[in-house]
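Notes follow once the structure below has been shown.
Chain letters run A, B, ... following the sequence lines, proteins first and then strands; every chain starts at 1. Nothing here was measured: the structure is a model prediction, and the numbers come from that model. Computation of the quantities below employed the complete heavy-atom set of this structure, encompassing side-chain atoms and omitting hydrogens, waters and symmetry-equivalent molecules.
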Amino acid sequence: MLNHLLLLLHSRTTILYLKSLRLNYFTSPIISRRFFSALAAQYDSIDTSFTNTSDPVKEILRGFNTFGTNNFLSCNQFQTLISSLNTHQIDWIFYYLRSLDENSALLFFNSIQNEHGFRHSRVSEFAVCHILAGKLRLKDLRQVLTKMLEDQGPGSGPFLCELLENSFKDWKFTYMVWDMLANVYAKSEMVHDALVVLDKMRDLNFQASISTYNNLMHNLRHTDMIWEIYNEVRASGIPQSMYTYTIFINSLCKHSRLKDAVDFFRKTTGKEFRPCVVSFNTLMSGLCNMGFVDVAKSFFCMMYKCAVLPDCYSYNTLIHGLCTVGSVEEALNFYEDMLGNGVEPDVVTYNILANGFRLLGSMNGAYVVVENMRLKGLSPNQVTYAILMCGHCRSGNIEEVMKLKEQMLAQGLQRSRVCDNVVLSCLCRCGNANEALRLFNEIEASGVKADLMSYSILVHELCKEGKIKMAMQVYRKMQSKGIIINSYAHGAILSSLCKRGRVVEARKFFNTLAVSEILLYNIMIDGYAKIGLVDEAVQLFGEIIDSGLTPTISTYNSLIYVFCKNEKLDEAKGLLQNLIIHGLVPTAMTYTALMDAYSRKGNMDVVLQLFSEMERNDVPPTVVTYTVIIKGFCEQRRLRQALQAFDDMQTRGLIPDQIVYNTLIQGFCEVKDTGAAKRFLILHNIQPSPVTYNILISGLCMEQNLTGADTLLGTLRNLDIALTKTAYSTIIKAHCVKGSASKAVMLFNEMRDMGHEISIRDYSAVINRLCKACHIDEVKIILRLMLLDRISPDQDMCVEMIKAFCRGGDKSSVFELFAEMIKSGIVFI
DNA sequence: CTTTGAGATC
């Protein structure tokens, strides 16, 4: 059979003619017709020698003949013929052609695939791979395998290994196909399958190439598996390439092992290969991302010493590093330097600079950069738009964001996932969860699939708005999509449940997660801490230790907070020592929580001790730290020291906030010196907040200066400044006790008219006070208001009122009230 | 193999 076909192919003048013209036998209708006609013409001679065999090829060749009347096949007939064959039959034709002539086999393979949409079996695809490997056509080999893996998808490793092993075991170049398979798996981000192939290769004693290792290491650069792979490379003794070194440096950087990265760089650079610009760039990028821009700059200088010229990446990396630390000016110097040295800036350069201005809050600057970019003949890309959109997103300018999105699409740029996420987070920032949800569905429907971040943004926002049910729905959808959820999305749900006091639910959710991250423990512990549940917090702390995780300073801060809240000051202080022993650095929060607790106990000595310890340990105090100190002194009526602390904080460059001012004003009021409070206000040119007015009014009331309080109220009214309910309550209470009952009623009315929500507690407070002072008429007015608000008096209030009515001899009111009590079910007859 | 843009506990 083989001989016959060989004869057939090589003796036919048609074929030789076509070959000499280097024409494709199959893709052109006429040629494929001729080719198969030629085959068909030989049918009889073949047939006679093979009538008694059941060779499948013979069957197929017989098939040719039935279409080949007059020894001609039309193009349509050829197609019909091909489509009438099954995969297995095609495989056989292909196999035979392969053994005759590899070029013909490849052409046959491609023509069927391209022209007739026929899907080859994996076997014939692998056969092609082996032909290509034999001819060292590695690019084509990669292409065939890339297509195959695209088709097969992740998880196909074991299947393809089995196929290769079973059908191609003795093929000469099979080790190359194996290697390329691992290579392409790694490159297509199907790392798991790549590892399966590699494993099998070890069994078969095939050595993987360095290119395959490089691809694999690159894809594993974020994981700890890379160390293992690199050790294998070293153990195998295969020569490493420059890429290997660069990838390894990159991975060390990604693991924040900067020192190791620098050491490795020093050890390898310039030894085997001449120093490589990409290695320099990689290292500089790692350094910049960790904030060591100065070190990166020194490597930039080193490049010149090594006779390596910085390229666009080098400049971009450094410019980016400078921009992220806010040194846009220096970044611009480097940009000038770049131009001077003849390195052409690209879109990325301008994007980085525009982003630098955005980070400084200067959108104008960003737009100027984009304008310069256009002048250079470069067009903004998706990233440029994302940067601009992000800038407007920060300030909540949704219109501008949407306008930019339109502009981007009008320029023919595709919407990108990041752009969608920027818009999504902008909507969320504006508190527009419904609109965000709508956009989210739109993203899902479009080609760009929502990713982990889109989901996280949405979950976070829904949680923030308290729409936890919806958040959980989105969360479950994310689970069902097979997205690997990281601790940020989990943290969003957990922390929003905690913030809303739904700690029990939070714990239930927490228990469903296989928590292995300290972040989630921290959120949960803090949830318990905020509501004072010390035992639960301590129990979780125990779990952290048991599971081998390392507590962070946040863990300790929350624990210290909850001990303080439970007035367990010794334990709290013990924790401070404990965390220092474990090598953690206390923060201002650590000390401030402790100081606040001691200050509440009136123990200012310890507060000051802690403060100096803080100084010794180089922990800079915050405004809150000073507020605690000031409040402590105020409560002890040590105003002079409070003011001293106030001055100290300003000398340190800390800018006092409203809370600091209000604390001091309250301090003045507590020593009954509203005069000093007002002078302080004027001296520091303070714009009083509603809280400030509350403090002042209550101060005036405490001084028994009701006239002063009334005057202040009048002034505020004239200035159209609305009072809070607390301020009203304070002054009403004072009027009930010492001043004019009618004024109290008037103010109560005013408070009610201002639209403040009046509760039964507010009513009972004023009624009880009026009753005590025997202002019966006023009691009756308030009672009427209360009934008007559809609030029924409770039993205690009724008792007070009846007592007061009896004392005043107002029998009819007693009866009226009694009737009301029966009506509202307080008294049964 | 290297550069830019989005979410993120106290």
Distance check: side-chain N/O of [X] vs OP1/OP2 of [N], anything under 4.0 Å?
X: R358(A); N: dT4(B); result: no
X: R429(A); N: dA6(B); result: no
X: N421(A); N: dG7(B); result: no
X: H218(A); N: dT2(B); result: yes
X: H460(A); N: dG7(B); result: no

[X] [atom1] to [N] [atom2], straight-line distance once rounded to whole Å:
X: I523(A); N: dT9(B); atom1: CD1; atom2: P; value: 8 Å
X: Y335(A); N: dT4(B); atom1: OH; atom2: P; value: 19 Å
X: I531(A); N: dC10(B); atom1: CD1; atom2: P; value: 15 Å
X: N219(A); N: dT2(B); atom1: CG; atom2: C1'; value: 16 Å
X: I485(A); N: dT9(B); atom1: CD1; atom2: P; value: 18 Å
X: L579(A); N: dC10(B); atom1: CG; atom2: C1'; value: 13 Å
X: N214(A); N: dC1(B); atom1: CG; atom2: P; value: 9 Å
X: L452(A); N: dA8(B); atom1: CG; atom2: C1'; value: 11 Å

**Item:** Base dG5(B) paired with T384(A) side chain (donor-acceptor, <3.5 Å)
**Value:**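 Result: no qualifying N/O pair found.
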
**Message:** Between Q407(A) and Q411(A), is the side-chain hydrogen bond (donor to acceptor under 3.5 Å, both in side chains) condition met? List the steps.
**Reply:** CA-CA 6 Å; Q407(A) 230 179 66; Q411(A) 287 215 353; 5.5 Å; no

Assign [X] to base, sugar-phosphate, or nothing according to its heavy-atom contacts below 4.0 angstrom with the strands shown.
X: V418(A); answer: base
X: N250(A); answer: sugar-phosphate
X: S554(A); answer: base
X: S314(A); answer: nothing
X: K530(A); answer: sugar-phosphate

**Asked** When you measure from the centre of the six-membered ring of W227(A), is the NZ or CZ of R234(A) under 6.0 Å away and within 45° of the axis?
**Response** no

**Message:** Here's one to test your reading of the geometry: is the NZ or CZ of K530(A) within 45 degrees of the ring axis of Y561(A) and under 6.0 Å from its centre?
**Reply:** yes

**Asked** Are D526(A) and S554(A) close enough that a side-chain donor and a side-chain acceptor fall under 3.5 Å?
**Response**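 Short answer, no.
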
**Asked** Can Y313(A) be classed as stacking with the base of dT2(B), given a centroid separation cut-off of 5.5 Å and a plane angle cut-off of 30°?
**Response** yes

